[in-house]
Amino acid sequence: MSVPRDAAARAETLRREIERHNHQYHVLDRPLVTDAEYDGMFRELQDLEARYPELLAPDSPTQRVGAPPGEAFAGVTHRAPMLSLNNAFGDDEVEAFDRRVREALGKDAVEYAVEPKFDGLAVSLVYERGVFKLGATRGDGYTGEDVTANLRTVRSIPLKLAGQAVPALLEVRGEVLMQKQEFDALNRAQRERGEKEFVNPRNAAAGALRQLDSRVTATRKLAFFSYGVGAADGTPGFARHSEMLDYLAEFRFPVAGERAVVKGMAGLLDYYRGIGEKRQRLPYDIDGVVYKVNDFAAQERLGFVARAPRFAVAHKFPAEEAMSEVLAIEVQVGRTGALTPVARLKPVFVGGVTVTNATLHNEDEIRRKDIHIGDTVVVRRAGDVIPEVVRVVAEKRPAGARPFSMPERCPVCGSKVERLEDEAAARCTAGLYCPAQRKQAILHFASRRAMDIEGLGEKLVDQLVDKGIIETPADLYRLDAEGLAGLERMAEKSAANLVEAIGRSKRTTLARLIYSLGIRNVGETTARDLALHFGDLEPLIVADEDALKRVPDVGPVVAKSIAQFFAEPHNRKVVESLRGAGIVFERVSKPPPKSGVAGKTFVLTGTLPHLTRDEAKERILQSGGKVTGTVSKKTDYLVAGADPGSKHDKARELGVTVLDEDGLLQLLGEKA
DNA sequence: GATCCTCGAGTTCT
DNA sequence: CTCGAGGATC
């Protein structure tokens with residue numbers, strides 16, 4: 001059946017009209033027709049498409065209601081990497097940025113394009129000959145996920161470009177987010193349905209974007225704002241960033257209404273303060289503002305450092321603080337028996353999540369901050385992740401507030417607690433007789449960097465130890481599916497998986513085995529050093545303190561912990577039964593020193609395009625290099641991926657050579 | 001003996 | 001990530 005020409009023409013007209021009204025409504029916030037009129041057009045188009053399926057095109061607005069679930073998302077390699085921005089906290093860091101830019105350009109005052117920094121999810125939209133073809137998440141900056149079907153449901157994203165010369169290729173970069181109003185409505189609905197509420201608009205948007213069923217995404221009313229162009233072919237030459245945004249706006253892409261062009265440092269700070277004041281009233285969440293050198297020729301001259309442009313910076317708002325109340329201070333027992341006080345807080349929403357716990361580190365810390373139970377405290381998410389009690393609000397201390405004192409007996413096993421003269425931590429003296437320490441020892445043994453037993457988590461270890469099924473790590477190798485039956489959350493399948501994972505862990509390396517024993521003061525690095533030096537388990541077990549001190553980086557304290565560990569009959573027995581269980585390990589041989597890497601010290605930061613950080617570390621070690629965690633004068637190379645943190649700034653300060661993944665691979669001789 | 005650099009250990013929430 | 005402390009270096 002062929003499609004009558006007038007039907008095709010009518011469908012085309014309807015699509016254009018509907019998209020125009022979408023734009024008026026969702027982007028400009030100025031509807032020209034009533035909702036009923038809009039619905040009428042929409043239904044007419046749907047009818048036409050139902051009658052003549054040939055008319056149905058992926059760029060039709062009717063497709064915005066979503067399609068049934070597809071497969072899992074396919075990976076998409078970005079045509080041009082989606083880089084991240086360096087962050088500036090505080091005026092001084094912005095000043096430093098502006099100074100670097102001025103010096104590099106030889107100008108007194110630079111013109112900047114400025115805009116709010118949306119707290120959403122970065123996406124890339126690819127238009128081929130004006131038709132929306134591919135939408136992808138940012139992912140690690142190099143590869144993202146294909147979420148085209150979901151993005152198609154976002155009303156403010158044009159499905160087809162019109163109104164000016166359409167380029168052969170246009171990749172629009174922007175942010176998908178959920179406006180505050182939609183977020184509130186969504187949570188109200190979730191509450192009424194008795195379903196879980198979302199913690200913040202960002203998470204709600206992320207959840208919606210990762211729906212396998214785009215019909216669900218369609219109901220979530222996501223918004224989109226564009227801020228740049230990635231790959232392009234056939235676009236006019238822009239002289240300025242602001243012109244490029246005008247061009248996008250002309251194509252009906254939503255662009256931040258708050259965007260502006262300012263001049264010099266004073267202009268930047270004025271803008272920052274202005275947006276800061278408006279922040280609460282904006283319809284969406286933002287976490288700072290972005291400054292970009294407006295002139296493209298200047299941008300090009302400035303270029304990139306590692307993975308971030310030198311011509312732009314994100315000026316972040318300070319970490320959000322909130323007030324809460326210390327309901328109680330509980331004490332946790334760690335692997336080494338260290339007692340750590342943890343504040344149980346009245347749940348408080350800060351920095352995008354609800355915080356209920358915060359570590360107080362030790363007794364001295366509590367005294368220093370003078371924290372009482374019942375106090376009102378200021379809470380912040382330090383480094384944007386770990387909650388921290390900043391200070392006590394002294395005026396609000398209730399009459400009944402009680403000071404904290406470290407218990408004299410272990411809260412888990414009741415043994416004596418002891419605090420050595422020169423140590424900050426109080427410790428339970430029961431050692432492995434304390435169930436808490438026994439559990440932690442087993443968890444450490446099974447952890448990823450140790451024996452890597454997948455599926456053996458805290459809940460399971462709790463049950464296994466509490467029921468007396470296992471006492472030591474060695475007992476794990478005697479478990480079978482029957483022994484696991486009857487435990488909570490342990491059906492046949494998971495039991496079989498666990499037994500299989502335990503079996504797999506028998507093949508390991510000497511370094512991992514030593515590390516997994518959980519000897520005090522022996523972490524991953526020291527375990528490696530020991531493995532390399534002794535080559536086998538036996539000589540390590542019998543080594544005395546003097547022999548141990550001959551190992552590089554092992555001094556009197558570490559030597560003593562090791563000797564003490566193996567002097568303990570219980571530990572020897574565990575090691576013996578581990579061997580009996582059939583653990584086999586590779587001997588370690590000295591790595592063949594490769595020129596360029598051997599003897600050099602590396603620091604890794606950010607997400608690399610292909611390797612994980614662990615893989616990169618492994619390769620460097622294999623080639624005789626060293627990997628440390630902090631940048632210092634002794635660092636030879638910083639390997640930086642996407643989203644580098646503070647280490648990158650430090651490296652720049654110290655003039656440390658910064659490599660990207662390619663550079664590292666070249667150095668390793670794995671790439672021409 | 002002082003200083004700098006690393007390592008180890010502990011921690012939150014999704 | 002951050003703190004505390006062990007080890008190396010001068």
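Everything numeric in this text was worked out from a predicted model, so none of it was measured. Here is how names work: the chains are called A, B, and so on, in the same order as the sequence lines, proteins then strands, and each is numbered from 1.
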Completion exercise
When A:His361 and A:Val554 are each assigned the nearest nucleotide of DNA chain C, the 5'-most assignment goes to A:His361
Separation of [N] [atom2] from [X] [atom1] (nearest whole Å):
X	N	atom1	atom2	result
A:Asn521	C:dG7	CG	C1'	12 Å
A:Leu604	B:dC7	CG	P	12 Å
A:Arg335	B:dC7	CZ	P	17 Å
A:Ile562	B:dG8	CD1	P	10 Å
A:Asn357	B:dT14	CG	P	10 Å
A:Leu345	B:dT12	CG	C1'	12 Å
A:Gln440	B:dG10	CD	P	8 Å
A:Arg449	B:dG10	CZ	P	16 Å

Exercise for the section: Anything under 30° is parallel, anything over 60° is perpendicular, the rest tilted; go ahead and classify A:Tyr284 against A:Phe118. Expected result: perpendicular
As a test of reading the structure: which of [options] is closest to the side chain of [X], going by heavy atoms?
X	options	answer
A:Thr525	B:dT14, B:dG8, B:dT11	B:dG8
A:Ser632	B:dC7, B:dC5, B:dT12	B:dC5
A:Gln332	B:dT11, C:dG6, B:dC5	B:dT11
A:Pro556	C:dG7, B:dT12, B:dT6	C:dG7
A:Thr526	B:dA9, B:dT6, B:dG8	B:dG8
A:Lys634	B:dC5, B:dC13, C:dG7	B:dC5
A:Val557	B:dT6, B:dT12, C:dG6	C:dG6

Exercise for the section: For A:Asp375 and A:Val377, indicate whether the former's side chain and the latter's backbone hold a donor-acceptor pair under 3.5 Å. Expected result: no
Exercise for the section: Ignoring hydrogens and angles, state whether a donor on the side chain of A:Arg409 or A:Ser415 is under 3.5 Å from an acceptor on the partner side chain. Expected result: no
Handout entry: Donor-acceptor side-chain pairing of A:Gln622 and A:Glu618 below 3.5 angstrom
Key = yes
Practice task
Pick base, sugar-phosphate or nothing for A:Glu365, based on heavy-atom distances below 4.0 Å to the nucleic acid.
Solution key: nothing
Exercise for the section: Give A:Thr630 one of three labels, base, sugar-phosphate or nothing, depending on what nucleic acid heavy atoms sit under 4.0 Å from its own. Expected result: base
Problem - B:dG10 phosphate, OP1 or OP2, under 4.0 Å from A:Thr336 side-chain N/O - result: yes
Handout entry: Salt-bridge contact A:Lys626-A:Asp636 (side-chain N to carboxylate O under 4.0 Å)
Key = no
Practice task
Identify, between A:Thr340 and A:Thr354, the residue whose nearest nucleotide on DNA chain B lies closer to the 5' end.
Solution key: A:Thr340
